[in-house]
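As a basis for the values below, the full set of heavy atoms in this structure was taken, side chains included, without hydrogen atoms, waters or symmetry mates. Everything quoted here is computed from the prediction, not taken from an experiment. Remember, it's 1-based here, ligands and their atoms both numbered in the order they're listed.
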Amino acid sequence: MGDARHAMVNGALLVEDLPVEGSSPEGGTISVWTLNRPEKLNALNSDSHKAIKEQCLRVEADDNVRCIVIRGAPPPESPEGKRQKPVAFAAGADISEFVGKSSDDVRPFFEDNAWEAVWNLSKPTIAMVDGFALGGGTELTLCCDIRIASDRSTFGQPEINLGLIPGGGGTQRLCRLIGYGKAMEVVLSGDMVSAQDALDMGIVNKVVVAEDLESTTFTLAETIARKSPYTTKVAKRAVRAALDLPFSEGVLMERSEFVALFDTEDKEIGVNAFLERSEADWVGR
Ligand code: COA
C-alpha cells in the first residue's frame, strides 16, 4: 500500500485512506479509522460518535473507498514514574458521560449512534483489535463484518457491573454471532473474555500475535479491496439478509441477487478473466 491519500484528524478519530495497488476501478483505497483517545483507552464519547457517523457518510459517498478498517490508537508513553496505560481498541462507551443522566438525556444520543452507522455501511468493514475491546468497544467490533484480534486482546460486555446492559446492539449481535447461551454468559457475567476464548466462541475470526496483527488485517483488507466494489456490496447485502429473513426467503433473495449480477459488466469481466487466465479489470458496475 502507498502513502495515505486522505489523512485527517476528525475530532476523536484519525482517518487515513490508503491506496490499494492493483485495485480496479483504479484509485481504490482502504479507509483506516483510528479511535484516537488513547489516554482514555479510546473510550467512545460523543465526539467519537460524531466523527464515526461523519466518516460513514463520507465513505458511502466516495467510490474509491473499497473497505474500512477500524482500530484503536496505541497508548501514549507514560511520564516518568507513572503506570503505562494498557493497549486498547476501545474500553467502552465513555462512562464519564453517563453520570447524572436520565433516560430523556441519553435517548436521542442512543437513537442516532455510531454503532448503527457502521453496521449500516454497504461496504466491507474489519475491526482490527489490539488490547481491550469492552462494552461499546466490543459492540463496535460486532458492527464490523470481520474481527481480527491480537492474542493480548480482551473482549466483554461489562455493562452489568454498572447497573446497565449493552446499548449499542450487543445483546442482539452477540446472540446472532455466537448463539443464545454464550451471549447470555457474556452479558450476564460481565466477565472479560480472552482473545482465545473469543476465538473459541466465534466472536473473532482470527487471533494472531500482536506483531502480525497489521499485516494479517491489511492483507485481508487488500484482498477484499481488489474485488469488484459492486459485487462486494451485493455479497455483503446477501449475507446480511440471513440475519433477518426466514431461511427459505433468504435463499430466494440470494438467487435473485445472483441472477441480477448476470446483467453487470463485472460478471462478464470476471468470467472472461478466469477463462483467459488474466487479472479481472473491474469497472464497478
Ligand atoms: N470510559 C471512560 N474512561 C475510561 C473508560 C471508559 N469506558 N475506560 C477506561 N477509562 C479511563 C480511565 O478512567 C483512566 O482515566 P485516567 O487515567 O484519566 O484516570 C484511563 O482510561 C485508563 O484506565 P484505567 O482504568 O486506569 O486502566 P486499567 O489498566 O487500570 O484498567 C480497564 C483497564 C479496561 C480494565 C478499565 O479501564 C475498565 O474497566 N474500563 C471500563 C470498562 C467498561 O466498563 N466498559 C463498559 C462501558 S459501558
Legend entry - Partners meeting side chain to side chain contact (heavy atoms under 4.5 Å, CB included) with Gln172 (sequence neighbours left out): Arg176
Inset, instruction - Measure the shortest side-chain to side-chain distance between Pro25 and Arg66 over non-hydrogen atoms and say whether it is less than 4.5 angstrom. - result: yes
Inset, instruction - Run down the list Gln157, Lys40, Glu97 and name the one with the heavy atom closest to atom 3 (N) of ligand 1. - result: Lys40
Legend entry - Geometric N/O contact Lys85 with ligand 1, under 3.5 angstrom: yes
Inset, instruction - Consider only side-chain N and O atoms of Ser31 and Asp17, and report whether a donor and an acceptor are under 3.5 Å apart. - result: yes
Taking distance alone, no hydrogens or angles, what donor-acceptor pairs closer than 3.5 Å link side-chain atoms of residues 194-204 to residues at least two apart or in another chain?
| residue | atom | partner | partner atom | Å |
| --- | --- | --- | --- | --- |
| Ser194 | OG | Asp197 | N | 3.1 |
| Gln196 | NE2 | Asp200 | OD1 | 3.1 |

Inset, instruction - Please tell me if the side chains of Lys233 and Lys123 come closer than 4.5 Å, counting only heavy atoms from C-beta onward. - result: yes
Inset, instruction - Establish whether atom 42 (C) of ligand 1 and some protein heavy atom are separated by less than 4.0 angstrom. - result: yes
Legend entry - For Met192, the ligand 1 atoms whose distance to one of its heavy atoms is below 4.0 Å: 35 (C)
Legend entry - Verify atom 45 (N) of ligand 1: protein non-hydrogen atom under 4.0 angstrom away: yes
Inset, instruction - Could you tell me whether Lys82 approaches ligand 1 through its side chain, its backbone, both or neither, with non-hydrogen atoms closer than 4.0 Å? - result: neither
Legend entry - Residue-ligand contact Pro158/ligand 1, heavy atom below 4.0 Å: yes
Inset, instruction - Mark the output for Arg83 as yes if a heavy-atom distance to ligand 1 is under 4.0 Å, and as no if none is. - result: yes
